[in-house]
Each structure stands twice: as structure tokens, then as C-alpha cells.
*Asks:* 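Got a structure here, written out as C-alpha cells. Questions coming.
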Amino acid sequence: MYYIGYDIGSSSVKAALVEAETGKKIIVLNEPQNEMEILSIHPDWAEQDPEIWWQHICTATKRAIKEANIDASKIQGIGISYQMHGLVIVDKDGNALRNSIIWCDSRAVEIGNKAFAEIGEEKCMLHLLNSPGNFTASKLKWVKENEPQLYSKIDKYMLPGDYIALKLTGEVTTTKNGLSEGMLWDYKENKVADWLLEYYGIDTALTPKIVENFTNQGVVTEKASQESGLPAGIPIVYRAGDQPNNALSLNVLRPGEVAATGGTSGVFYAVTETNSGKSTRVNNFVHVNYAESNPRVGKLLNINGAGIQYRWMRNNIGNESYEEMNEKASQINVGSQGLVVIPFGNGAERMFNNKNIGSHILNLNFNIHTNAHLFRASLEAIAFSFVYGMECLKDDNATINVIRAGNDNLFRSEIFSNTVATLIGHEIEIYNTTGAVGAARAVGLTDGDFEKFGSGITTNDHVMTFLPLKNKEEYETAYKKWKQELELILTTK
């Protein structure tokens with residue numbers, strides 16, 4: 001018997017099959033083979049057609065079944081992970097009314113800032129643990145203000161993973177996690193923050209029914225079965241945003257444990273046991289094992305401009321593979337001979353209070369610097385942004401005991417991982433797992449045995465550990481220089 005997991009990202013949709021009994025990976029693949037397009041018809045906008053996600057889900061599912069050479073009827077359950085903070089709106093027939101306004105879209109920043117000022121910092125921080133910010137609720141308010149004819153047709157709003165669940169089951173549901181991603185969960189009252197919707201003039205009836213993370217959330221319809229190749233009648237039993245799910249995949253479930261991600265954006269996700277927040281630079285979300293009697297809240301520090309900086313370098317300077325870029329960068333000394341890159345060219349940055357400071361290349365010397373220096377400086381810049389983010393997390397009272405990351409993207413680079421580990425002074429454990437595998441394995445967590453689940457990950461998936469380097473002075477010097485350049489830019493924005 002098998003479980004299937006999906007991870008709906010903004011770059012691709014990943015699908016994974018695992019053995020139900022052991023959690024062993026059978027196959028992991030992604031669709032499309034290249035990267036999905038992000039539509040940006042205005043500066044700082046970012047949209048995707050949610051129907052495209054569904055098409056890739058169907059293609060990936062059929063490929064996984066065929067390439068793994070399994071009997072599809074033996075798939076017993078579905079887990080879903082998805083890109084956080086996005087907005088999908090549907091009509092009464094469940095049809096998407098417009099493109100999804102996805103996580104890296106910055107159009108609602110001022111709406112959230114105004115709400116924070118008018119509602120008041122005390123109420124927002126006490127009840128939402130955050131500012132309404134540029135999250136799903138504020139994006140829905142933007143639709144109400146700017147597309148009133150579309151808004152009038154809305155039956156329900158939802159997160160990207162909720163939309164895929166709708167396509168699979170025909171049922172419109174969401175989770176506490178999802179609502180907390182949209183700044184729509186009231187931690188103090190333990191219910192939907194209807195007062196924020198009412199402040200925005202949004203009908204509270206647009207909120208979907210809430211289902212728990214680990215429960216039967218609806219079953220695959222005949223129509224969805226025909227389109228996807230999944231057996232009709234099997235349940236979705238797990239759903240979470242990509243960062244809480246990534247933490248689960250890495251056995252980050254207890255206070256003091258931190259999950260790190262180095263993809264298009266960079267993330268630290270630190271688990272805490274307090275329903276409190278004091279910094280608007282750090283986001284707080286309901287974790288997958290949250291309970292009112294035993295709160296587990298993920299403090300998330302997001303860096304929009306992370307791996308996308310390195311991808312831009314690959315696409316525009318030499319068109320080399322990441323492996324070739326990493327090899328060239330390794331020939332350059334720490335500090336890149338004074339070359340400094342500021343990597344924040346992917347829209348507003350939460351840790352700078354939603355300022356959009358852009359990407360910068362500083363101190364470029366045509367006589368000594370090569371593309372290898374640019375590659376090294378970019379990797380260092382992204383690593384330095386992680387270190388800066390860790391400082392923000394600690395300022396928000398997050399305890400850091402251990403950091404775990406997947407064996408993909410930026411963490412494959414020794415330059416990146418060594419720089420982060422050395423400057424933050426903590427080991428970074430690397431695990432060979434993915435969000436889709438984690439989502440598939442989570443299907444078996446209806447028994448609530450998180451200890452057993454975690455021990456299986458530690459036993460089966462641990463690859464290596466990056467230790468802080470003893471000779472850290474040159475790293476500290478380079479970071480200090482980078483931080484000085486960053487703070488000069490911040491004073492002008």
C-alpha cells in the first residue's frame with residue numbers, strides 16, 4: 001500500500017509516492033520539467049493560474065504511477081503541501097475567478113500597513129501575533145477595492161492548497177494553519193479573526209469550513225479520479241503550508257528546533273510554545289501539531305530575495321550549471337575580494353518592514369573581479385541574509401537549539417552552508433527529504449505518534465552535518481562589511 005504527497009510550489013508541482021508501512025520513498029518527481037511561469041503585469045505583482053497547478057498535479061500523478069510501476073488502486077491516502085499566503089477566489093461552482101495572487105506579490109502592503117495603524121499594534125500583536133501585512137486577508141481586500149465586479153461573484157476565498165483539495169474532493173475547506181497564514185486566525189480567542197474581515201468590509205461567510213490537519217478532509221471524486229489517475233474514494237488526510245510541512249518533513253516539531261529552506265526565497269522556521277509575538281518582521285503561524293492546550297507556533301523569518309538571486313546569476317551571467325558556478329565560487333576567497341551583493345530583488349521584504357530595497361552589486365572592480373567573484377559574492381550575500389534573519393528571530397525570543405535543512409537548493413553549496421553555520425554558531429543537519437515526501441508520510445500520522453514519525457526521519461534521511469568552522473574571523477569580517485552596506489541602503493529607502 002502507498003501514500004501520495006504533493007507540494008504545490010511557485011516553481012513546480014512535486015509528487016511523491018511512499019510505502020504506507022515504512023515511509024520508504026518510491027518515487028519523487030516534478031512537473032513541469034522546467035519552471036512554472038509567474039505572471040507580473042505590474043512591478044511587484046506575482047500571479048499564477050490555479051488551474052495550471054491542477055493540470056500539473058494530474059500529469060505528475062500519472063507519471064508517478066507509471067514510472068514507479070505500481071497499481072494505482074493501492075494508493076490509500078493523500079497529503080498536500082502548498083505555497084503559503086496566496087489568495088484563490090472561487091464562485092459558487094468552485095471555478096477560480098481570477099489568477100491566484102501568490103506569496104511574493106507585494107500589492108497589498110499599504111492595505112496591511114493601514115490596517116495595522118488603524119486597528120492598533122496592541123490588538124494585532126495580541127490576537128494575530130502580527131500585522132495584517134501583505135497576507136491573504138489584505139490581498140482579498142485589494143480585490144474588493146480594485147475588482148468589485150469579480151468580488152461580487154466570490155463564494156469562498158482560500159489558500160492554494162485548499163484549491164487543490166477542492167479540485168480533488170469537490171469540497172471547499174481550509175485549516176487553522178491556512179487561516180493563520182492569511183492573518184485570519186485569532187490566537188487569543190482560538191477562532192477565525194472575523195473582526196479583521198469586518199474591518200476590511202469582507203463578508204465573513206466567505207470563509208470556508210475548517211478541517212483539522214490530520215483527519216479525513218474529503219474523498220476523491222469520480223471526476224477528479226478520471227483526470228488525475230487517483231483511485232476514487234480515497235481521502236485527503238493531511239494539508240499544510242509549505243513551511244510548516246517542511247518543518248514536519250525534517251522532524252522539526254519541538255520548541256528550539258528550526259527548519260531552514262534555501263529555495264527561491266529563504267526561510268527559517270523556528271518552533272516555539274508561546275502564543276506571542278513582538279516583532280512585525282517575524283511571522284507567527286499555527287504549526288501542524290498545534291493544540292489550544294499545547295500550543296506549537298512556528299516563527300517564520302522569510303527572505304524573498306534568496307535563491308532567485310543565484311538563479312538570476314545563472315540565467316544572465318554565463319548560463320552555467322549551479323554545480324559549475326559553485327565550483328568556480330569555491331576558488332575565490334571568503335569576502336569575494338571586497339565585492340558585495342545585496343540579494344533582495346524579489347519584492348518587499350518582511351524583515352525590513354516591507355521595504356523593497358532591490359538587489360545591488362557593490363564595489364565591482366573591472367580589473368580584478370570575474371564571474372566567479374559574482375557567484376561567490378551572491379552565495380555569501382544569501383548566507384548573510386540568513387544570518388541577519390536569525391538575528392531577527394532571536395530578537396523575537398525564538399530559542400535556537402538545532403537547525404535542519406533538506407539536501408537541495410542552496411544547502412547543497414558548501415560555501416553557503418559553511419558560511420551560515422559558522423556565523424550563527426549552530427550545526428546544520430542536512431536531510432535527504434522533500435516537502436512532497438513529508439506530505440506523503442504525514443498521511444500516516446492520523447495516529448498522532450509524532451515521536452515515531454520523527455525517529456524514522458532521523459534514522460532514514462540524515463545525510464550530513466555542517467559544523468561551525470573554527471576560523472571564523474574572515475567570515476565575521478565579510479559579514480560586518482555586508483551589513484554596513486545593507487544599512488546604508490536601508491537609510492535611503
Side-chain angles (χ1 to χ4, degrees), residues 50 82 84-98 100-101 103 105 107-163 165-166 169-213 215 217-218 239-241 275 277 283-286 290 292 297:
Y82 59 89
M84 297 168 71
H85 318 312
L87 171 69
V88 181
I89 51 175
V90 299
D91 62 18
K92 59 182 176 57
D93 297 317
N95 299 312
L97 290 165
R98 70 178 320 284
S100 172
I101 303 175
W103 61 275
D105 185 291
R107 75 186 69 184
V109 167
E110 290 309 314
I111 291 173
N113 288 345
K114 182 182 178 186
F116 190 56
E118 293 185 353
I119 295 169
E121 179 176 350
E122 182 178 357
K123 180 165 185 177
C124 288
M125 297 306 291
L126 185 63
H127 290 262
L128 302 177
L129 312 188
N130 243 318
S131 160
N134 182 45
F135 296 107
T136 310
S138 299
K139 290 169 180 172
L140 183 56
K141 171 64 170 174
W142 184 92
V143 174
K144 185 176 189 294
E145 287 185 351
N146 293 276
E147 299 173 345
Q149 288 185 316
L150 272 183
Y151 179 83
S152 67
K153 298 176 183 177
I154 298 175
D155 182 64
K156 291 288 185 288
Y157 69 84
M158 60 188 66
L159 281 294
D162 302 335
Y163 180 76
L166 166 63
T169 67
E171 297 182 31
V172 181
T173 57
T174 191
T175 61
K176 293 176 185 178
N177 308 70
L179 291 169
S180 74
E181 294 167 35
M183 291 305 113
L184 282 166
W185 187 252
D186 188 320
Y187 289 83
K188 187 172 177 61
E189 302 296 331
N190 199 44
K191 64 181 183 180
V192 182
D194 284 337
W195 52 268
L196 180 59
L197 291 174
E198 289 164 357
Y199 164 83
Y200 278 153
I202 293 168
D203 185 354
T204 58
L206 300 185
T207 302
K209 180 181 75 173
I210 299 172
V211 293
E212 295 297 325
N213 282 108
T215 190
Q217 303 172 8
R239 185 186 334 174
N275 281 344
N283 307 322
N284 293 272
F285 302 118
V286 169
Y290 179 92
E292 187 177 6
V297 174

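Excluded from the calculations below are hydrogen atoms, water molecules and symmetry mates; all remaining heavy atoms, backbone and side chain alike, are included.
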*Asks:* Identify the heavy atoms of Ala205 and Lys156 that sit nearest to each other, and give their distance.
*Replies:*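 Nearest heavy atoms, Ala205 then Lys156: O-NZ, 3.2 Å.
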
*Asks:* My understanding is that only residues two or more places apart in sequence, or in another chain, count here; which of them pass salt bridge (Lys or Arg N to Asp or Glu O under 4.0 Å) with Glu110?
*Replies:*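 Listed in chain order: nothing, the list is empty.
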
*Asks:* Which residues satisfy the ring-ring contact (aromatic ring centres under 6.0 Å, His included) test with Tyr163, sequence neighbours excluded?
*Replies:*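 Testing Tyr163 for ring-ring contact (aromatic ring centres under 6.0 Å, His included), a comparison that skips the adjacent residues, returns none.
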
*Asks:* Please verify the inter-ring angle class for Tyr187 with Tyr290; under 30° counts as parallel, over 60° as perpendicular, anything in between as tilted.
*Replies:*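 The arrangement is perpendicular - the two ring planes meet at more than 60°.
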
*Asks:* Return the set of residues passing side-chain contact (heavy atoms from CB on, under 4.5 Å) with Lys144 (not counting sequence neighbours), or none when no residue passes.
*Replies:*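 For Lys144, the residues satisfying side-chain contact (heavy atoms from CB on, under 4.5 Å) (neighbours in sequence not counted) are Tyr151, Ile202.
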
*Asks:* For Tyr157, what residues pass the ring-ring contact (aromatic ring centres under 6.0 Å, His included) criterion, not counting sequence neighbours?
*Replies:*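 In terms of ring-ring contact (aromatic ring centres under 6.0 Å, His included), with neighbours along the sequence ignored, Tyr157 is linked to no residue.
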
*Asks:* Considering all heavy atoms of both residues, which atom of Met84 and which atom of Gly241 are nearest to each other, and what is their separation?
*Replies:*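 Closest heavy-atom pair between Met84 and Gly241: CG-CA, 3.7 Å.
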
*Asks:* Provide the full list of salt bridge (charged side-chain N to carboxylate O under 4.0 Å, His left out) pairs with a residue in residues 169-178, sequence neighbours left out, each pair given once.
*Replies:*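 Listed by first then second residue: Lys176-Glu212.
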
*Asks:* Return the minimal non-hydrogen interatomic distance between Ser138 and Pro132, and the atom names on each side.
*Replies:*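 Between these two residues, the closest heavy atoms are OG-O, 3.6 Å.
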
*Asks:* Enumerate donor-acceptor pairs with a distance under 3.5 Å from any side-chain N or O in residues 114-123 to protein atoms, sequence neighbours excluded.
*Replies:*
unit_1, atom_1, unit_2, atom_2, d
Glu118, OE1, Tyr199, OH, 2.6

*Asks:* For Asp155, check side-chain contact (heavy atoms from CB on, under 4.5 Å) against everything at least two apart and list the hits.
*Replies:*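 By the side-chain contact (heavy atoms from CB on, under 4.5 Å) rule, Asp155 matches Lys92.
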
*Asks:* Determine, step by step, whether Val192 and Thr204 satisfy the side-chain contact (heavy atoms from CB on, under 4.5 Å) criterion, reporting the C-alpha distance in whole Å, the side-chain angles of both residues, the deciding distance to 0.1 Å, and the verdict.
*Replies:* CA-CA 9 Å; Val192 182; Thr204 58; over 6 Å; no

*Asks:* What's the shortest heavy-atom distance between Pro160 and Gly86, and which atoms?
*Replies:*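 For Pro160 versus Gly86, the nearest heavy atoms are CD-O, 3.6 Å.
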
*Asks:* Under the side chain to side chain donor-acceptor pair (under 3.5 Å) rule, collect the residues that match up with Asn283, sequence neighbours excluded.
*Replies:*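 With neighbours one apart ignored, the set is Arg350.
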
*Asks:* Looking at Thr173 and Gln217, what are the two nearest heavy atoms and their distance?
*Replies:*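 Scanning both residues, the minimum pair turns out to be OG1-O, 4.4 Å.
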
*Asks:* Any chance you could lay out the side-chain contact (heavy atoms from CB on, under 4.5 Å) test for Leu97 and Glu147, step after step, and finish with the verdict?
*Replies:* CA-CA 11 Å; Leu97 290 165; Glu147 299 173 345; over 6 Å; no

*Asks:* Let me confirm one number: the CG-CG distance from Asn134 to Asp105, rounded to the nearest 0.5 Å.
*Replies:*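 It comes to 6.5 Å.
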
*Asks:* Quick one: list whatever passes side-chain contact (heavy atoms from CB on, under 4.5 Å) with Asp93, sequence neighbours left out.
*Replies:*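 Applying side-chain contact (heavy atoms from CB on, under 4.5 Å) to Asp93 gives Asp91, Asn95.
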
*Asks:* Can you tell me how far the CZ atom of Phe135 sits from the CH2 atom of Trp103, to the nearest 0.5 Å?
*Replies:*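 These two atoms lie 12.0 Å from each other.
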
*Asks:* Can you name the nearest heavy-atom pair linking Leu159 to Glu181, along with the distance?
*Replies:*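 What the structure gives for the nearest pair is CD1-OE1, 3.5 Å.
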
*Asks:* Output the distance between atom NZ (Lys191) and atom NE2 (His127), rounded to the nearest 0.5 Å.
*Replies:*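 Going from NZ on Lys191 over to NE2 on His127, the span is 10.0 Å.
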
*Asks:* Can you name the salt bridge (Lys or Arg N to Asp or Glu O under 4.0 Å) partners of Lys141, sequence neighbours left out?
*Replies:*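 In terms of salt bridge (Lys or Arg N to Asp or Glu O under 4.0 Å), with neighbours along the sequence ignored, Lys141 is linked to Glu145.
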
*Asks:* Report the C-alpha distance between Leu197 and Thr207 in whole Å, list the side-chain angles of each, state the deciding distance to 0.1 Å, and finish with yes or no for side-chain contact (heavy atoms from CB on, under 4.5 Å).
*Replies:* CA-CA 10 Å; Leu197 291 174; Thr207 302; 3.5 Å; yes

*Asks:* Please report the interatomic distance CG(Leu196) to CG(Leu140), rounded to the nearest 0.5 Å.
*Replies:*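 Spacing of CG (Leu196) from CG (Leu140) equals 10.0 Å.
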
*Asks:* Excluding sequence neighbours, so at least two apart, what forms side chain to side chain donor-acceptor pair (under 3.5 Å) with Thr175?
*Replies:*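 Thr175 satisfies side chain to side chain donor-acceptor pair (under 3.5 Å) with no residue once adjacent residues are dropped.
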
*Asks:* Could you tell me the separation between the CZ atom of Arg239 and the OG1 atom of Thr215, rounded to the nearest 0.5 Å?
*Replies:*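 Those atoms lie 11.0 Å apart.
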
*Asks:* Rounded to the nearest 0.5 Å, how far does CG of Leu128 lie from CG of Asp186?
*Replies:*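 One gets 6.5 Å once the value is rounded to the nearest 0.5 Å.
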
*Asks:* When you measure from the side chain of Ser100 to the backbone N and O of Val88, does any donor-acceptor pair fall under 3.5 Å?
*Replies:*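 No, because the side chain of Ser100 does not come within donor-acceptor range (under 3.5 Å) of the backbone of Val88.
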
*Asks:* Using the side chain to side chain donor-acceptor pair (under 3.5 Å) criterion, which residues pair with Thr174? Sequence neighbours excluded.
*Replies:*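 Residues passing side chain to side chain donor-acceptor pair (under 3.5 Å) with Thr174: Asp162.
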
